[in-house]
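The next block holds one structure in the form of structure tokens; read it before the comments.
Just so you know, these numbers use all the heavy atoms, side chains as well, and skip hydrogens, waters and symmetry mates. Both counts, for ligands and for their atoms, begin at 1 and track the order of listing.
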Amino acid sequence: MKIQGTSYQALQSWIEEMTELCSPESVRWCDGSQTEWDELTQLLCEQGTFTPLNPEKRPNSFLARSEASDVARVEEKTFICTKRPDEAGPTNKWADPTEMRELLLTKFSGSMAGRTMYVIPFCMGPLESPLAKIGIQVTDSPYVVVNTRIMAHMGSHILKRLEDETSGVLPKKRDGHAQFIKCLHSVGAPLSPGENDVPWPCNDEKYITHFVDTREIMSYGSGYGGNALLGKKCLALRIASNIAREHRWMAEHMLILGLHAPDGSTTYVTAAFPSACGKTNLAMLVPPKTYADKGWKTSIVGDDIAWLWPHNDGKLHAINPETGFFGVAPGTCWETNSIAMESMRENTIFTNVALTDDGDVWWEGLTAEPPAHLIDWTGKDWTPDCGRPAAHANSRFTAPAAQCPTIDPNWQSPEGVPIDGVIFGGRRATTMPLVYQAFNWGHGVYVGATMGSEMTAAAAGTIGKVRRDPMAMLPFCGYNMGAYFGHWLEMQRYLTHLPRFFHVNWFRKTEDGKFMWPGFSENIRVLEWIVKRCQGGAAGHETQIGWIPDYENFNIEGLENFTREDFEKVMRFDRREWRTELVSQGELFIDLYDHLPKELVFQRELLAARLV
Ligand code: GTP
Ligand code: SPV
Ligand code: MN
């Protein structure tokens, strides 16, 4: 069954080639329509991948339960394929492109037998934006199709655009060599004739591969999030970081947030925090009453990925290449993130959360008291005393950004929004103060490059161990990390108005293991200082590590049980701890030595000199 083809010959040929390779039972060109969504969600329900949620509680929404082994990104199986290993660099897993392609051809051969091959035309970024990128994802997963419909511009209008650009009806304008980025995906579970399907087909062997020179993505064996929705981490970060480097822009793992002050000014900032370290929460911050009463508001442009470029106005501008949120469910609740809760009221896909007896969803932290009975994320009966979590720690919701009550009016502006502040941060129980400001761009790049964070459930690994995660891009930078730092340093040359750089840490703990800072909506207090610093307003004092607010420059009005002493503790910069930090920062530099820009070595020397 072929529902549609394309007049764009290069694409038509590629699809024919992929059909031959993967031997699907049928091919379906996705149009992105509501009818298609209805058909596919129904199909997913029939196959047992989806459980429809109670339409009175959660209209047009579904719960998906994955295979227990397919719940997060697989960094060990994620490859950057370049001619030479040093192009991928020591922080990535490298594979030879020819060898990897040969291996994958054997894997993909016949991999879609008994299944439908979906062809998804999609666009990352507002179609009219100079940075927008068109991709075509070929997949045998209807779960991927419906998630992509939320996460990206998708369907016939994107295909039409590609046809018009390649036939000359519209000017060609996309940078990068490719008119469209080829994204091949299979769950790697062919069906023999008469074989029954399982609810979550996948393969124990997984390969998430990026062919940098030809701008191609091939992903095999997983149906989950960042492994399978190829527009997201594979295209918008790993491939895009390569295109960006060549064309003088930046693809970053950052939220984009608008801060509207009582004086009527709007300041946009971006923030890079590692996976599951608070981007979605900060991007959806609701000011507490004392701030709201004064007129503070926030708006969200994006919660995970930012594409930034030097605009003609001399400033760094940012767009969000996505149109949805693929957010962490556990811990999300009305008290800490009502905006996320509002955004997922309907038309939402939940993956690996628990099901309530009345057909709605639940996860740890949603309510203080858990329901008396649930079906857990593995499909088993669950009671509060059973000793197992009800939702997986990396369970997620896929919700349309357009449903977000605080979505920024300019979120689809092709020109993006101007960025005045860049914030870095990680999950650090010790050492890192609540906030400090870097001295300048070069120092800011050093602060981002040496970011560390305790590991979370978003990737397989030892949870809690501090690892260096430069700019929160460790799993996502598609080339040599040292060269990436060099690109960051170079970008300032193309700007006349430089943003300010900050480092924050919401996760500092007391000796008895409690968070020192209330976090969430109260983070607006830190943002207020940041906004004022960006505008050349608030005071602070210079320390060896950067500028830090004094108690007098920081608003803790209305913050109950938070004393001056608590403030001093959460802001404290301890020389001894920092000397240890400096040594640990050096480890990453040793790995990168031959590609590390001299300027970062100097920054480290300067910091060392200040710390003695
Ligand atoms: P990815 O989607 O994986 O890139 O993650 P993210 O950076 O968007 O993380 P998210 O906002 O979903 O936060 C994940 C976890 O951090 C949740 O468990 C939150 O409860 C917790 N968190 C977020 N903000 C704060 C904060 O200000 N303080 C504390 N203590 N925890 C926070
Ligand atoms: C992350 O891990 O940073 C995510 C989720 O945003 S995923 O799309 O699975 O990478
Ligand atoms: Mn992320």
Side-chain angles (χ1 to χ4, degrees), residues 66 70-75 78 144 147-148 151-152 208 219 222-238 252-257 271-286 300 302-306 320 322 324-333 335-337 339-340 351-352 363-366 391-399 423-429 434-435 453-461 463 469 471-476 504-509 513-527 570:
S66 82
D70 199 18
V71 292
R73 282 181 293 101
V74 281
E75 294 179 10
T78 301
V144 165
N147 274 276
T148 302
M151 295 305 295
I208 320 301
S219 164
S222 170
Y224 192 81
N227 301 329
L229 308 175
L230 302 189
K232 195 171 172 57
K233 298 297 161 80
C234 299
L235 193 164
L237 288 176
R238 297 195 194 96
E252 300 297 329
H253 193 202
M254 289 175 165
L255 66 89
I256 310 166
L257 169 67
F273 306 155
S275 302
C277 289
K279 288 183 300 300
T280 303
N281 278 276
L282 190 68
M284 295 182 180
L285 182 149
V286 177
I300 173 173
D303 80 325
D304 197 47
I305 301 177
N320 170 12
E322 304 189 280
F325 310 126
F326 185 61
V328 178
T332 309
C333 64
E335 288 70 37
T336 58
N337 196 346
I339 303 299
T351 305
N352 291 336
W363 48 78
E364 278 66 24
L366 178 62
H392 187 272
N394 190 38
S395 55
R396 302 228 167 207
F397 58 85
T398 317
I423 305 172
F424 295 116
R427 212 176 253 276
R428 295 296 300 268
L434 179 61
V435 59
S453 193
E454 290 148 22
M455 284 185 70
T456 65
I463 293 173
D469 190 346
M471 278 94 174
M473 284 287 277
L474 183 68
F476 307 120
V504 301
N505 177 23
W506 317 139
F507 302 93
R508 199 169 192 176
K509 287 184 177 168
K514 294 201 184 74
F515 288 120
M516 287 185 184
W517 175 248
F520 300 101
S521 62
E522 304 299 351
N523 293 334
I524 187 85
R525 298 169 189 277
V526 175
L527 293 171
V570 77

I'd like to know if G365 contacts ligand 1, where contact means a heavy-atom distance under 4.0 Å to any ligand atom. no
Under 4.0 Å from a heavy atom of G226: give me the atoms of ligand 2 that qualify, with their elements. 7 (S), 8 (O), 9 (O), 10 (O)
Name all residues meeting the side chain to side chain donor-acceptor pair (under 3.5 Å) criterion together with K279; count only those two or more places apart in sequence or in a different chain, and write none if there are none. H253
Do P475 and K233 have side chains that approach each other closer than 4.5 Å (heavy atoms only, starting at C-beta)? no
Contact between L257 and L285 at the side-chain level, heavy atoms closer than 4.5 Å - yes or no? no
Side chain to side chain, F507 and E454, heavy atoms closer than 4.5 Å: no
Do F424 and M254 have side chains that approach each other closer than 4.5 Å (heavy atoms only, starting at C-beta)? yes
For ligand 2, which atoms, with element, lie under 4.0 Å from some heavy atom of S275? 1 (C), 2 (O), 3 (O)
Identify the two heavy atoms, one from V526 and one from W517, that lie closest to each other, and give their separation to 0.1 Å. CG2-CZ2, 4.1 Å
Examine T280 against ligand 1 and note whether any of their N/O atoms are separated by less than 3.5 Å. yes
Only heavy atoms of R73, strictly under 4.0 Å: list the atoms of ligand 2 that pass. 1 (C), 2 (O), 9 (O), 10 (O)
Please determine which of I300, I423, L282, N281 meets the side chain to side chain contact (heavy atoms under 4.5 Å, CB included) test together with L255. L282
Below 4.0 angstrom from a heavy atom of R396, which ligand 1 atoms are there? Numbered from 1 as shown, please. 1 (P), 2 (O), 3 (O)
Heavy-atom contact check, 4.0 Å cutoff: does E522 meet ligand 1? no
Quick one: does A276 get within less than 4.0 Å of ligand 1, heavy atoms only? yes
Would you say T398 and N147 are linked by a side-chain donor-acceptor pair, where the criterion is simply a distance under 3.5 Å? yes
Would you mind finding which of R73, M516, K279 brings a heavy atom closest to atom 4 (O) of ligand 1? K279
When you compare the side chains of T78 and R238, does any donor N or O come within less than 3.5 Å of an acceptor on the partner? no
With a cut-off of 2.8 Å, strictly less than, protein N/O/S atoms near the Mn ion (ligand 3) add up to 3
Within a strict 4.5 Å, meaning less than it, do heavy atoms of the L229 and Y224 side chains meet? no
Should you measure from each heavy atom of D304, which atoms of ligand 2 turn up under 4.0 Å away? 6 (O)
If the cut-off is 4.0 Å to any non-hydrogen atom of H253, which atoms of ligand 2 fall inside it? 3 (O)
Does the side chain of V504 reach to within under 4.5 Å of the side chain of F273, using non-hydrogen atoms? yes
As an exercise, identify every atom of ligand 2 less than 4.0 angstrom from a heavy atom of F476. 3 (O)
Show which atoms of ligand 1 fall inside a sub-4.0 Å distance from at least one heavy-atom site of N281. 10 (P), 11 (O), 12 (O), 13 (O), 19 (C), 23 (C), 24 (N)
Can you sort out which atoms of ligand 1 are near W506, meaning under 4.0 Å from one of its heavy atoms? 26 (C), 27 (O), 28 (N)
If you take all heavy atoms of D303 and G324, which pair is closest and at what distance? OD1-O, 4.3 Å
Check: F520 N/O within less than 3.5 Å of ligand 1 N/O: yes
Residues W363 and N352: side-chain donor-acceptor under 3.5 angstrom: no
Got an N/O contact under 3.5 Å between G278 and ligand 1? yes
To which of M284, K509, E364, R427 does the heavy atom nearest atom 15 (C) of ligand 1 belong? R427
